[in-house]
Amino acid sequence: MAGRIVRWGAVLGLGVVWWWAVLRLATAPDAGALEGAVVAGGWGLSLLPVHCVPGGRAAGSLGAVVWRAVWGAATRASPHPRSDAGSGPS
């Protein structure tokens, strides 16, 4: 219970600081690098894929063994020469 309260308090506090920086950057003529850094940092954190699931646990995901087999088959050279491959000018 205490962990959840601390987590929500941190989220709320950081959200207030971010909005303060956004409003100060938009309205105050003397706003500068500190406010800009806070706004850019908060926006950058919003781009993190926090709702992703590790690849092995995602629905429909392929395991590492399957990926290695598929990648090996895709990158292996063809054993048969192409029909249009010549040895140069005849």
Exercise. Rounded to the nearest 0.5 Å, what's the gap from CG on Leu23 to CD on Glu35? Could you check?
Key: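 Spacing of CG (Leu23) from CD (Glu35) equals 11.0 Å.
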
Quiz item: Quick one: do Trp43 and Val38 end up in the same hydrophobic cluster if we chain Ile, Leu, Val, Met, Phe, Trp and Tyr together by side-chain heavy atoms under 4.5 Å apart?
Solution: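 In one cluster with Trp43: Val38, no.
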
Self-check item: CH2/Trp20: more than 12 non-hydrogen atoms of other groups inside 6.0 Å
Solution: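 Counting neighbours around CH2 of Trp20, more than 12 heavy atoms of other residues, nucleotides or ligands fall under 6.0 Å, so yes.
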
